[in-house]
2 protein chains.
Amino acid sequence: MTSSAHGHPSAFPKPGHNHARCTSDALRRAEAVCASRKVRLTEIRRRVLEAVWQSHVPVGAYDILSQLNAGGGRTAPMQIYRALEFLMDNGLVHRIASLNAFIGCAHMGEDNHAAQFLICRSCGTTAELESAPLKRALIQAVAERGFTIDSQIVEISGFCPHCTPKGRT
Amino acid sequence: MTSSAHGHPSAFPKPGHNHARCTSDALRRAEAVCASRKVRLTEIRRRVLEAVWQSHVPVGAYDILSQLNAGGGRTAPMQIYRALEFLMDNGLVHRIASLNAFIGCAHMGEDNHAAQFLICRSCGTTAELESAPLKRALIQAVAERGFTIDSQIVEISGFCPHCTPKGRT
DNA sequence: CGTATAATGTTATGTTATAACATTTACAAG
DNA sequence: CTTGTAAATGTTATAACATAACATTATACG
């Protein structure tokens with residue numbers, strides 16, 4: 001089970017969940033992925049990954065920077081971006097283009113998975129959506145137009161189940 | 001017929017098409033939309049719209065700025081962003097989040113249409129994809145997770161039909 | 001051990017976007 | 001036509017996001 005909030009695999013992260021577990025799970029899996037790919041999860045990369053996993057809300061590069069430098073550090077932006085690049089290259093982190101921010105990958109190790117994201121306008125919580133029908137429809141629609149797909153960004157903004165006023169759907 | 005390149009409605013803009021016609025069509029339609037919405041397509045807004053329509057390749061705000069200032073103008077970035085905001089609010093222009101760039105809307109006047117984009121990695125040409133099945137699959141997948149959709153970004157990067165090597169699909 | 005490669009450190013700068021406030025313009029009510 | 005007001009524009013400054021270029025240090029492997 002690879003859910004990001006210990007519920008049903010496709011459940012949206014719940015407000016009160018034990019997030020420490022998300023973080024520790026993520027770090028353990030990241031170690032495993034890096035070991036199997038024979039790449040190094042160095043100190044700074046690990047710290048950036050931890051920062052990204054502080055919550056299910058995407059975090060900006062400069063927010064990560066502030067955190068790392070909170071105790072008087074001298075890390076430079078470049079170093080953060082390099083660590084993020086590494087983490088993205090290895091499928092550990094995703095970039096949310098509409099927010100210029102980054103979020104931990106909920107499906108580490110599943111090579112090359114193309115993710116879709118649900119972004120709550122109210123609480124900021126962002127979850128991955130893995131919908132096979134959606135993926136199929138997308139591939140189909142693109143192919144019909146003679147386009148060769150390379151990569152895709154799907155970011156859906158709205159209200160998560162916990163922020164949706166009752167009665168609405 | 002609202003195609004962006006005078007072919008089949010869903011055709012990808014062709015390299016050699018008469019683009020002057022795209023531009024003039026777009027400006028005419030924009031006038032109509034603004035008239036019907038009782039908003040003003042002022043000088044700067046019109047010039048920004050023209051700049052956006054110079055091609056089917058998304059253009060950055062600062063590129064627009066350079067163009068407007070080419071003849072010794074003194075327009076400031078803020079003015080460009082304000083014009084772009086107006087054009088987006090009125091459905092005349094779209095923002096491509098993955099490129100931090102802007103492109104003319106191929107479906108002006110169709111209120112609130114949620115667009116998907118095909119972005120060619122080779123020539124940069126970007127076209128709108130209006131796929132009903134894709135839209136349905138997306139709404140369905142999102143609803144299943146109890147999420148209330150508000151807006152969506154779908155940007156697909158790859159090779160357009162004119163840049164796809166023969167034999168591949 | 002030494003050397004090649006990967007990773008990190010450092011400085012500077014490029015690029016995208018907005019805040020805040022001043023001025024001008026359009027337009028309608030009196 | 002003139003005056004109030006809302007919309008639009010002009011202007012300055014700065015915030016926020018990202019990368020280039022080069023120096024230094026660490027790792028690992030022959």
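Lettering of chains follows the sequences in order, A, B, ..., and the numbering in each one begins at 1. Keep in mind that what you see is a predicted model, and the values were worked out from it rather than measured.
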- request: Using atom CG of B:Asp89 as one end and atom P of D:dA8 as the other, report the distance to the nearest whole Å.
  value: 11 Å
field: Backbone of A:Ala76 reached by a side-chain donor or acceptor of A:Gln79 within 3.5 Å
entry: yes
- prompt: Is it true that the side chains of B:Glu50 and B:Gln67 contain a donor and an acceptor less than 3.5 Å apart?
  reply: no
- prompt: When you measure from the side chain of A:Asn69 to the backbone N and O of A:Thr75, does any donor-acceptor pair fall under 3.5 Å?
  reply: yes
- prompt: Between A:Phe86 and A:Ala76, which has a closest nucleotide on DNA chain C that is more 5'?
  reply: A:Phe86
field: Residue met sooner reading DNA chain D from 5', once B:Ile44 and A:Ala61 are mapped to nucleotides
entry: B:Ile44
- prompt: Whole-Å distance between D:dC17 C1' and A:Glu85 CD?
  reply: 15 Å
message: Using whole Å, what does the distance between atom C1' of nucleotide C:dA7 and atom CG of A:Leu41 come to?
response: 13 Å
All N/O contacts under 3.5 Å from nucleotides 18-28 of chain C to the protein, with atom names and distances to one decimal?
none

- line: A:Arg45 atom CZ is separated from D:dT27 atom C1', nearest whole Å, by 12 Å
message: Any donor-acceptor pair under 3.5 Å linking the side-chain atoms of B:His94 with those of B:His107?
response: no
message: Would you say B:Thr75 places a side-chain N or O within less than 4.0 Å of OP1 or OP2 belonging to D:dG10?
response: no
- prompt: Counting only N and O atoms by type, is there a donor-acceptor contact under 3.5 Å from the side chain of A:Arg121 to the main-chain atoms of A:Phe159?
  reply: no
message: Using whole Å, what does the distance between atom P of nucleotide C:dG9 and atom CZ of A:Arg74 come to?
response: 13 Å
- request: Nearest whole angstrom, please: distance from the C1' of D:dT11 to the CG of B:Leu65.
  value: 13 Å
- prompt: Any sub-3.5 Å donor-acceptor pair from A:Glu155's side-chain atoms to A:Ala97's backbone N or O?
  reply: yes
field: Test item: A:Arg45 side-chain N/O and A:Arg40 main-chain N/O as donor-acceptor pair under 3.5 Å
entry: yes
- prompt: Between atom CZ in B:Arg47 and atom C1' in D:dA8, what is the gap in whole Å?
  reply: 15 Å
- prompt: A:Glu43 CD to D:dT27 C1': how many Å, rounded?
  reply: 16 Å
task: With the side chain of B:Gln79 defined as its heavy atoms from C-beta on, choose the nearest nucleotide among D:dT9, C:dG9, C:dT16.
output: D:dT9
